[in-house]
Protein chains: 2
Amino acid sequence: MSRFSSPMPQRAASDCPGPARGAPVDCTTCRIRHLSVCAALGDEEVSALEAVVSSLHLQPNSTLVREGDPRRQVYSVTAGALRLVRLLPDGRRQVAGFLLPGDFLGLSTAETHRHDVEAVTETMLCRFRAEDMQALRERFPDLERKLLSRAMTELDAARETALGLARLNPIERLAAFLLDLSEKRARWGRTEQLMVLPMGRADIADHLGLTVETVSRSFTRLRHDGVIALHDIHGVELLDRKRLVDLAAGRG
Amino acid sequence: MSRFSSPMPQRAASDCPGPARGAPVDCTTCRIRHLSVCAALGDEEVSALEAVVSSLHLQPNSTLVREGDPRRQVYSVTAGALRLVRLLPDGRRQVAGFLLPGDFLGLSTAETHRHDVEAVTETMLCRFRAEDMQALRERFPDLERKLLSRAMTELDAARETALGLARLNPIERLAAFLLDLSEKRARWGRTEQLMVLPMGRADIADHLGLTVETVSRSFTRLRHDGVIALHDIHGVELLDRKRLVDLAAGRG
DNA sequence: CGCATAGTTGAGTGCTATCAAATTACGTGG
DNA sequence: CCACGTAATTTGATAGCACTCAACTATGCG
């Protein structure tokens, strides 16, 4: 049923936003739209970025960077999904976050990467050399400001996540996660009601600080309560958004 | 025993760094040193900042800003400690973080504040109007870069916190918290072994996603294991730093 | 000295993790 | 296209850790 002859799973393909829907995911249109929307760049900036960008294609579960790797490249995701992973010595795992189309990786000023970054599905990225990005930042002071603004937004988001991990119960965490994802997708003009979760239950569990079993039970509970519908494992429909918002805000 | 005749508690006074030790906490020396060290500014930048700064004095438990307040000022802490607080409708509380000398508040590009900000102890701050800060940022492009770098550092820290909340047990969380605080103090040239915790157990509990009882039991446990010594409620000595590091990294 | 607040300690419960088994999805080769 | 094997997910039973409730202790302040 895929629109692709390659073994690319449908859920990865459908993540390519806008004009590129149904076209190959590494299309230039997609890339330009991505760059300009995600950083709100002007035409000149987009051209300058296009000049130094190269593209990259990852298979599911392949590793893009490892914790401790020197930060030499800047990436931006155009299609697919990646996860930021940290492992504790005894196997405890945390997924710090997911990178979806429009997200950047490697803008941090840290010398090395702080997480393993792995492809969840087949993924397309734009790659810049860090020096090129640096040069662009010097040439376009505005870019610096936009990146700062973006970093601040992410910082707020990270603190929101922390609140959830500290004080929300499993159902509330899952509700917050589903809304998060839905909003991220909405920013790209995708339907808010029907959602595709690119990641598996284990990734969700490790993102929410729970076990797979608890995540599964929480899905089941939300389904029985008529808050969501599960069409298949990765296809979720948000039936009662208001209820989800209440749950995520701790008014469960 | 305080070096102050005012009712300022000793632990707040001892947070004024460097040359100002023993002098009034709002001294200009202290402020300049603070500004230049925390943002690594040049002389010219420091002068420009000094020109638009005014100072502020908070009593313990007073509120500086409330969640939802418009963001009109930028503050930097010179002495004392503040907490970033979020409350859920049913009373669940989270302390997203603490602001210690050298930390900024209000640099976010968000329109409104996302947390209540309350003084933990008597606190001194520098206050700039947000517009002045904006003007400075435009005048000194370098400042923008340093702020971005700082934001990235905080983002990394926030993700580290999230890992702890998701996957560490109470003892490990407390170990990580103590090390965090110790490192923050070390950056200001303060002793690493002996520490003063400005905040109470309830603030620590709400920061670590635990209850006061569990925090208290964890302190007791670390003390019995000879990892720390508690001289008084706020005075902690780190006896076995290596063990703390192992605990915080999940090698407990 | 007595009250109020903060912290510690103890007993019991409940929620979520753990362990185990059944069920469903999915890729592979017939 | 279907049968099979593997991996992922769901469901069930049990156990343990952290929360809750409660009592006690310490500290500070009038």
Compare every heavy atom of [Y] with every heavy atom of [X], then report the nearest pair and how far apart it is.
{"X": "A/Thr123", "Y": "A/Ala81", "answer": "OG1-O, 3.1 Å"}
{"X": "A/Leu178", "Y": "A/Met195", "answer": "O-CE, 3.7 Å"}
{"X": "B/Asp156", "Y": "A/Ala110", "answer": "OD2-CB, 4.1 Å"}

A/Ile233 or A/Asn169, whichever maps to the more 5' nucleotide of DNA chain C: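 Its nucleotide being nearer the 5' end, the pick is A/Asn169.
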I want to confirm an ordering. Mapping B/Asn61 and A/Gly209 to their closest nucleotides on DNA chain C, which one lands closer to the 5' end?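 The residue mapped nearer the 5' terminus is B/Asn61.
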Answer yes or no: is there an ion pair linking [X] with [Y], defined by an N-O contact shorter than 4.0 Å?
{"X": "A/Glu172", "Y": "B/Arg92", "value": "yes"}
{"X": "A/Asp206", "Y": "A/Arg83", "value": "no"}
{"X": "B/Arg173", "Y": "B/Asp180", "value": "no"}
{"X": "A/Arg114", "Y": "B/Glu160", "value": "no"}

Would you kindly give the [atom1]-to-[atom2] distance between [X] and [N], to the nearest whole Å?
{"X": "A/Leu208", "N": "C/dA17", "atom1": "CG", "atom2": "C1'", "answer": "15 Å"}
{"X": "B/Arg217", "N": "C/dG7", "atom1": "CZ", "atom2": "C1'", "answer": "12 Å"}
{"X": "B/Leu222", "N": "C/dG7", "atom1": "CG", "atom2": "P", "answer": "17 Å"}
{"X": "A/Leu210", "N": "D/dT10", "atom1": "CG", "atom2": "P", "answer": "14 Å"}
{"X": "B/Ile204", "N": "D/dA18", "atom1": "CD1", "atom2": "P", "answer": "17 Å"}
{"X": "A/Leu174", "N": "D/dT10", "atom1": "CG", "atom2": "P", "answer": "11 Å"}
{"X": "A/Asp203", "N": "D/dT9", "atom1": "CG", "atom2": "C1'", "answer": "14 Å"}
{"X": "A/Arg201", "N": "D/dA8", "atom1": "CZ", "atom2": "C1'", "answer": "9 Å"}

Would one find a side-chain N or O of [X] under 4.0 angstrom from OP1 or OP2 of [N]?
{"X": "A/Thr220", "N": "D/dT11", "result": "yes"}
{"X": "B/Thr211", "N": "D/dC19", "result": "yes"}
{"X": "A/Thr214", "N": "C/dA17", "result": "yes"}

DNA chain D contacts made by residues 223-232 of chain B, counting heavy atoms under 4.0 Å: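 Close to the strand, none.
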Quick one: which protein N/O atoms are closer than 3.5 Å to N/O atoms of nucleotides 20-23 of chain C? Pair and distance per line, please.
none

Please indicate whether A/Arg66 has more than 12 foreign heavy atoms, meaning atoms of other residues, nucleotides or ligands, lying under 6.0 Å from its CZ.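 Check fails, neighbour count at 12 or below.
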Before you tell me yes or no, could you show the steps for B/Asp116 and B/Leu84 under side-chain contact (heavy atoms from CB on, under 4.5 Å), namely the whole-Å CA-CA distance, both residues' side-chain angles and the distance that decides it to 0.1 Å? CA-CA 6 Å; B/Asp116 294 345; B/Leu84 303 174; over 6 Å; no
